[in-house]
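All chains are named by letter (A, B, ...) in the order of the sequence lines, taking the proteins before the strands, and each is independently numbered beginning at 1.
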2 protein chains.
Amino acid sequence: MSFPSLNTLRTFEAAARHLSFNRAADELCISPSAVSHQIRQLEHTLGIRLFLRSERRVSLTQKGEFYFKNVQQGIQILVQATNSLTTPMREHTIRISAVPFFATRWLMRRLDTFQAHYPGWELAIQTSTQKSEFDREDLDLVIRRGAGDWPGMIAHLLLRESLVPVCAPAMARTIDTIVALKGATLLHNSQVPSEWSEWFGKIGHTFSAPTAKLEFQNSSQILEACIAGVGIALMDRQLIFQEMAEGRIQSVVDQQVDGMRNYYLVYPKSHTTRKSVQIFLEWISNELEQMDR
Amino acid sequence: MSFPSLNTLRTFEAAARHLSFNRAADELCISPSAVSHQIRQLEHTLGIRLFLRSERRVSLTQKGEFYFKNVQQGIQILVQATNSLTTPMREHTIRISAVPFFATRWLMRRLDTFQAHYPGWELAIQTSTQKSEFDREDLDLVIRRGAGDWPGMIAHLLLRESLVPVCAPAMARTIDTIVALKGATLLHNSQVPSEWSEWFGKIGHTFSAPTAKLEFQNSSQILEACIAGVGIALMDRQLIFQEMAEGRIQSVVDQQVDGMRNYYLVYPKSHTTRKSVQIFLEWISNELEQMDR
DNA sequence: CAGATAGATGAGTGTTTACTCAACTATAGT
DNA sequence: ACTATAGTTGAGTAAACACTCATCTATCTG
């Protein structure tokens, strides 16, 4: 019985998450051709199409969506369990889980200063869209997006969100009023279906659920679709400033809502005495101070 | 970064489930040597010991236990999702999930008559120790062990359990009374911790929790430990008659309790109209009638 | 003691995996 | 028209995988 390899499944998961073979290749440090080959091989093994190819981008088929959800979950369990066993001595490792978008765009860009200040310590960062379980995954800390009110947990604010609607430049020319914005194709995050409604509410407008709904499972997918001109995304402008600077997307209607949700550093109260937690708190406090200047 | 292959992880899971490289080799249709090599390679990759080797059997280390739980779960998700996509046309496939011990020892031994009577239909059987989810796993039916009272479900009795204490012949010589039985090393199923207490209660004896407790995660592991002379197992004698006939284990104290828990064929009420469910019910009814004669 | 059982180890080998490279196709933007 | 972008495809290749076979060690049982 022929079963896909774990490596192939990881490639599929990355491509599905990014909805881009190119981005997946970047993340996995392989060529786009390798991604293409593996996806094709996987589709041949399964005997179905996982991706629809159109113009210069890909989208998931329904079966692809189903498989992506399950493969992501299964792989996560395996990778996390394996990492739990292979990470070096507990005493000098800080184990963190964070949502992928925030991890790649905020946290990992600041690792240099951590390494410089704490050469004897190692950060083990894993990304996850699932709600993390401290015990089973042997984590010290978690970075979460939310309101900051997790029972039994201590939460430190890391980044206050600034949500702005953004879209591709060609589309931006026609979105100059709130009315036009409401009538456009809005890209939704399936994990927070009410986010657009809340945002409109905050700026004093009512908004009812659209009849045609485009939902994506994570911010990376939303951003890709946005850049591709599919619709308008609601994103934290602090995490997309590079794409903005490159002119690949731009904000519309000049409205911004702060603090609807934020990114917090979270850990159980019982972890307060851990050296790993104290070290990370010390470092991140300094980082946040530097940022405030 | 070197990550274990899915094939390796599946070999590890089978060896851990059976607590026997030989049995795992049988199940996977490879040589015991291949199992040994793969486990050693995996231990080298992870840099830890997963199994303790003693005499002629193996046991899991604590880390091995942790990894087994997670690997089993992760693999199950991947395998089930993949099987969901690769199974042929829905119309002529019956998708069943069953606990592994019952599946291998009762259900799969009767497949010949099914194939003979329904040549146009295919049985897709998957084994799982987790509670199955009909929608996510696209199942028609499930075979469960329990009391038969699952809300929203229709349950047909398949096999009434007959629990007897069994052990290796050498140990059996010293277990001739209930008192001796109580004082012996009893092997527990971690999924039903109270099973021994219930059993003793049913035969009119009180039994308090032992101070030294040997727990295993599934019946296969319990049987292996029992055959190896580790302790006394409480098993359904209908599912172990082969080992009994071979003299590898024998029952003790001549007590049997029926119907504490049983095996049921279970499906949601909404599945009643499925042709697949009707076909399977028809076949299993005939099988049960044949057995009653 | 002989035979059976179970896991371990080294060597060998064929197959599969996992890429890269080069060239191509189909857009989109200037 | 030219350039950039993104995915596709065929061919090639090195490494890894996944075994088998033969032999060994350490018990257990009759």
Side-chain angles (χ1 to χ4, degrees), chain A residues 1-12 14-16 18-26 28-45 49-60 168-171 173 224-225 227-230 243 246-248, chain B residues 1-12 14-16 18-26 28-45 49-60 168-173 224-225 227-230 243 246-249:
Chain A
M1 210 272 293
S2 166
F3 196 86
S5 76
L6 200 42
N7 200 58
T8 299
L9 294 180
R10 292 180 84 177
T11 303
F12 164 69
H18 287 293
L19 284 177
S20 160
F21 288 6
N22 233 18
R23 282 297 177 90
D26 280 346
L28 301 173
C29 302
I30 55 176
S31 69
S33 162
V35 173
S36 185
H37 278 299
Q38 286 191 37
I39 301 294
R40 186 175 66 162
Q41 172 60 29
L42 182 59
E43 285 178 323
H44 180 259
T45 297
R49 306 243 32 124
L50 295 167
F51 288 98
L52 295 175
R53 278 83 160 174
S54 58
E55 307 121 37
R56 299 192 304 177
R57 68 184 201 91
V58 296
S59 57
L60 282 162
M171 189 176 281
R173 291 174 205 135
E224 288 300 326
I227 291 171
V230 173
E243 284 82 4
E246 288 166 7
R248 302 173 75 191
Chain B
M1 209 268 295
S2 166
F3 196 86
S5 75
L6 202 40
N7 199 59
T8 299
L9 294 180
R10 293 179 84 178
T11 302
F12 164 70
H18 287 292
L19 284 177
S20 160
F21 288 6
N22 236 16
R23 282 297 179 91
D26 279 347
L28 301 171
C29 302
I30 55 176
S31 70
S33 163
V35 173
S36 187
H37 277 300
Q38 284 190 40
I39 301 293
R40 186 174 66 165
Q41 172 60 29
L42 181 59
E43 285 179 323
H44 180 259
T45 299
R49 307 242 32 126
L50 294 167
F51 288 98
L52 295 174
R53 278 84 159 171
S54 60
E55 309 120 39
R56 297 193 306 177
R57 67 186 203 90
V58 295
S59 57
L60 284 162
M171 189 177 281
R173 292 173 206 139
E224 288 300 325
I227 290 172
V230 173
E243 284 84 2
E246 289 166 6
R248 301 173 76 192
I249 51 175

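- We find that CE of M171(B) is positioned 13 Å from P of dC28(D), with the value rounded to whole Å.
- Following rounding to the nearest Å, E43(A) (CD) and dG7(D) (C1') show an atom-to-atom distance of 12 Å.
- With rounding to whole Å, L42(A) atom CG is found 14 Å from dA18(C) atom C1'.
- Between S5(B) and the phosphate of dC17(D), there is no side-chain N or O to OP1/OP2 separation shorter than 4.0 Å.
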So T8(B) and Q41(B), side-chain contact (heavy atoms from CB on, under 4.5 Å) or not? Walk me through it.
CA-CA 9 Å; T8(B) 299; Q41(B) 172 60 29; 5.8 Å; no
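- A sub-4.0 Å separation between OP1 or OP2 of dC19(C) and a side-chain N or O of N7(A) is present.
- For dA18(D), neither phosphate oxygen OP1 nor OP2 lies less than 4.0 angstrom from any side-chain nitrogen or oxygen of R40(B).
- Distance CG (L52(B)) to P (dA6(C)): 19 Å, rounded to an integer number of Å.
- L6(B) and P4(A) make their closest contact through CD2-O, 3.4 Å (heavy atoms, listed as atom of the first residue, atom of the second, distance).
- Proximity of S33(A) to the phosphate of dC19(C): no side-chain N or O atom is located under 4.0 Å from OP1 or OP2.
- Atom CD1 of I30(A) is separated from atom P of dG7(D) by 13 Å (rounded to the nearest Å).
- Note on Q38(B): every side-chain N or O is 4.0 Å or more away from OP1 and OP2 of dC17(D).
- Note that CD1 of I39(A) is 7.5 Å distant from CZ of R53(A), once rounded to the nearest 0.5 Å.
- dA16(D) atom C1' lies 10 Å from atom CD of Q41(B), rounded to whole Å.
- L9(B) has its CG atom 14 Å from the C1' atom of dA18(D), to the nearest Å.
- Between the side chain of E243(A) and the backbone N or O of R248(A), no donor-acceptor pair lies under 3.5 Å.
- Close to dT20(C), at under 4.0 Å from its OP1 or OP2, lies a side-chain N or O of S31(A).
- Each of T8(A) and L19(B) was assigned the nucleotide of DNA chain C with the nearest heavy atom; the assignment lying further toward the 5' end belongs to L19(B).
- Looking at every heavy atom in both residues, R10(B) comes nearest to L28(B) through O-CD1, 4.5 Å.
- Among the atoms of the strands shown, none is found under 4.0 Å from any heavy atom of V35(A).
- The phosphate of dT8(D) (OP1 or OP2) has a side-chain N or O of R53(A) nearer than 4.0 angstrom.
- For dG7(D), the base has no donor-acceptor partner in the side chain of H37(A) [N/O atoms by modelled type, under 3.5 angstrom].
- Regarding contacts with the backbone of dG7(D), every side-chain N or O of S36(A) stays at 4.0 angstrom or more from both OP1 and OP2.
- F3(B) places its CZ atom 16 Å from the C1' atom of dC17(D), with the value rounded to the nearest Å.
- Side-chain proximity of R248(A) to dA6(D), dT17(C), dG7(C): nearest is dA6(D).
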